[in-house]
Amino acid sequence: MDVNTLAWTVLLLPLFVAVSIVVGLKRWSGLSSLVSTGSALITLICCALMAGAEGDAKAFPWIELGTFRVDIGFQLDHLSKGMMLIVTSIGFLVHLFSLAYMKDDNGKSRYFAGLSLFMFSMTGIVLADNFVMMFIFWELVGVSSYILIGHWFHKESAADAAKKAFLTNKIGDFGFMIGILMVWILTGSIYFEEIKEAVGGGLNMTLLNIAVLLVFCGAIGKSAQLPLHVWLPDAMEGPTPVSALIHAATMVAAGVFMLARVVFLIEAAEMAAQVIAWIGAVTALVAALMALQQNDIKRILAYSTLSQLGYMVMAQGIGTPEGSDAGMFHLYTHAFFKALLFLGSGAVIYACHHEQDIWKMGGLRKKMPITFWTFALGTAALIAVPFTSGFWSKELILEEALHEGMHGPYVLAIIVAFLTPFYMTRLVIVAFFGKNRSDNADHAKEVGPIMWVPLAILAFMAIFSAYKPISGLLLANGYGSFGHLVEHFGLTAILSIIALIVGVAGAIFFYKGKDSDPINIPIFANRFKIDEFYIVLVRVFQDAVAAFLDIADRFIVDPIVARFPALSAMAAGQFLRVFQVGNVQAYAYFFGVAVLALIFYLIL
């Protein structure tokens, strides 16, 4: 097949499958799941073929108003092709894992339809060659996440989490929309290549910085950066495979990908670039501190995702092609080991009869050896053990930040490099080592091959995805050779390895053999009470606005706007009714009085 056919197949096949399941296959859940999984495999094959193919896909004209036009078109460069391989490969493995994880779920057909819709939405973002098309699919990703996070809608917590994710993202999306309009006004185009050429021609820097920060609002929402990070941990209420898909390859990756797509704007807007880098670094630190005191296995991984996304956003804020490349490199490697960790946590939860508290697990290393070893390899990549994929990508971000003189974000990132090994080693020790702390853990057993085969594939990628030729498929430049380590073994590598050793050793010292958490830091456990602050903020403003509107309605709108005109008309009618008596003599009398009044008026 040619590139055009491949591109349109990759985009439209998941949509066709989602519609087919909802319209015709919903009652046959087994068939629905197989059709959805098969479509994910086909899109993965098409993306693999497209990665090695040359040429462009034909655009579909959508809106034409004078000189303004919007096409549904594709930008098939190395960035989009590499990202599509990530989206479809992780998506297929999540589909495969879900066949076993969701086999007894009553809403299985609806679940797989949601997965296919999610794949369609994310594919549109990655392939888009203009802001308008990207924004349309951006909103579809929000709808897809709402459907999947709230899959178990009969649970109030799941329904609330879905609404929270949707509404929180709307705040960021509103800024994103205004930013797109400002970029269009400044450059006269919505197409990325045309905008790139216009930026080089000299623009109003103040307006450009504002426009870039507004565009960044979209990434703050989708990639869950401070202060709009609050939706992501609650998104754990959805099925665990959904968490893996959201955290690894789709929703949260969309924000970082969007920043990489418009890195030329960030490069031109120095003030905005500084803000982006600092928000990323602070998010990485705050999320890592929150993870230290979480006990839910999925929430620990959720805050880990927040922290790693902070690294990626910080890299985009460096404002150079090299920094952006480093951020995308970390996005690619992170996709594999974070999908592995979430699916591994799903296997643990499944084996422990849906128990998620790590302090009610323990001793799973012997009962679930495949899950343990794959989870351990994913953890090694996440905490940046040397020669794992996570080590190469994280080191590259830190090196670029140091090279560009961003010392503040660099210091925060080094602190995170200590915290990450600490809280992840804590998770592994408490969940997999020691004794069984509950009947659910005591009766746990290894999951079947449909679940552990994806874990094994992802474990391999968690270690080797940074090495050529794999990284060459994902990035223009492959990284991860021994020569690269020797060449760049300087301050960053030394500090990172020290942080790794101290973090792992500290976690072992505090948590080995413990049945309860010896560390108690309520501010971290309560997530800095940011959620509570938002609740108070919403209630105060909502109640204040409601009270004001009630007073305005009672004493201004109702009496003046509604009642006064009506009463005035009624009074006028009552007054004029006096003159409408239906008597000819009375009318003659009124006429005579009016004539006399007119005469007196003229005389005077």
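Position 1 is the first residue of the sequence; numbering continues from there.
- Of all the heavy atoms in Lys81 and Leu76, the pair that sits closest is CE-O, 3.8 Å.
- Within the 4.5 Å cutoff, side-chain heavy atoms of Met133 are placed close to those of Phe137.
- Contact annotation: the side chain of Met312 approaches that of Leu309 to within less than 4.5 Å [non-hydrogen atoms, C-beta and beyond].
- By the 6.0 Å contact criterion, CZ on Phe564 is open, its count of non-hydrogen atoms from other residues, nucleotides or ligands being 12 or less.
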| Pair Phe166-Trp231, ring-ring contact (aromatic ring centres under 6.0 Å, His included): steps then yes or no | CA-CA 8 Å; Phe166 188 80; Trp231 70 268; over 10 Å; no
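- Using a 4.0 Å cut-off between charged side-chain N and carboxylate O, Glu237 and Lys298 make no salt bridge.
- Asp553 places no side-chain N or O within 3.5 Å of a backbone atom of Leu549 that could act as its donor or acceptor partner.
- Side chain of Ser307 to main chain of Tyr303: no donor-acceptor pair is present (N/O by atom type, distance under 3.5 Å, no hydrogens or angles).
- In this model, no donor atom of one side chain and acceptor atom of the other lie less than 3.5 Å apart for His95 and Thr37.
- Between Leu301 and His247, the closest side-chain pair of non-hydrogen atoms is not below 4.5 Å.
- A distance-only check finds no donor-acceptor pair linking the side chain of Arg69 to the backbone of Pro61 [under 3.5 Å].
- Annotation: cation-pi geometry not satisfied between Lys196 and Phe192 (NZ/CZ under 6.0 angstrom from ring centroid, within 45° of ring axis).
- Among residue pairs with one or both ends in residues 309-318, those qualifying as side-chain hydrogen bond (donor to acceptor under 3.5 Å, both in side chains) are Gln316-Ser324; sequence neighbours excluded.
- Side-chain atoms of Ser39 never come within 3.5 Å of backbone atoms of Leu13 as a donor-acceptor pair (strictly under, hydrogens ignored).
- Counting only N and O atoms by type, the side chains of Asp173 and Trp138 include a donor and acceptor under 3.5 Å apart.
- A donor-acceptor contact shorter than 3.5 Å is absent between the side chain of Asp550 and the backbone of Ala546.
- Side chain of Glu194 to backbone of Ile190: no donor-acceptor contact under 3.5 angstrom is found.
- Residues Phe533 and Phe528 keep their aromatic ring centres 6.0 Å or farther apart.
- Listed for the Ser223 side chain is a donor-acceptor partner under 3.5 Å among the backbone atoms of Val252.
- Using cut-offs of 30° and 60° for the angle between ring planes, the Tyr101 and His354 rings count as perpendicular.
- Of all heavy-atom pairs between Pro233 and Arg299, the closest is CB-NH1, 3.5 Å.
- Between Leu292 and Ile521, every side-chain heavy-atom pair lies at or beyond the 4.5 Å cut-off.
- Nearest approach of Gln225 to Ala219, heavy atoms of both residues: CG-O, 4.4 Å.
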| task | Check step by step if side chain to side chain contact (heavy atoms under 4.5 Å, CB included) holds for Met83 and Met328. | result | CA-CA 9 Å; Met83 189 67 190; Met328 288 304 298; 4.1 Å; yes
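- Annotation for Trp184: atom CH2 does not count as buried by contact number, only 12 or fewer foreign heavy atoms lying within 6.0 Å.
- With ring centers used as reference points, Phe176 lies 6.0 Å or more from Phe216.
- Using modelled atom types, one finds no donor on one side chain facing an acceptor on the other under 3.5 Å when comparing Thr88 with Thr43.
- The pair Lys108-Asp105 does not meet the salt-bridge criterion, since no charged nitrogen lies less than 4.0 angstrom from a carboxylate oxygen.
- The side-chain heavy atoms of Tyr111 and Ser32, taken from C-beta on, include no pair separated by under 4.5 Å.
- Asp71 places none of its side-chain heavy atoms less than 4.5 Å from the side chain of Trp62.
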Can I get a per-line list of side-chain donor-acceptor pairs under 3.5 Å for residues 260-282, giving both atom names and the distance, sequence neighbours left out?
from	atom 1	to	atom 2	distance (Å)
Arg261	NH1	Asp77	OD2	2.6
Arg261	NH2	Asp77	OD1	3.2

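- Side-chain atoms of Val416 and Leu412, non-hydrogen and from C-beta on, never get closer than 4.5 Å to each other.
- Salt bridge absent: Lys58 and Asp129 never bring a charged side-chain N and a carboxylate O closer than 4.0 Å.
- Counting heavy atoms from C-beta on, the side chains of Ile147 and Val143 come closer than 4.5 Å.
- Using modelled atom types, one finds a donor on one side chain and an acceptor on the other under 3.5 Å when comparing Ser116 with Ser36.
- In Tyr589, the OH atom is not crowded: 12 or fewer heavy atoms of neighbouring residues, nucleotides or ligands sit closer than 6.0 Å.
- Lys529 has no carboxylate O lying under 4.0 Å from a charged side-chain N of Asp531, or vice versa, which leaves the two without a salt bridge.
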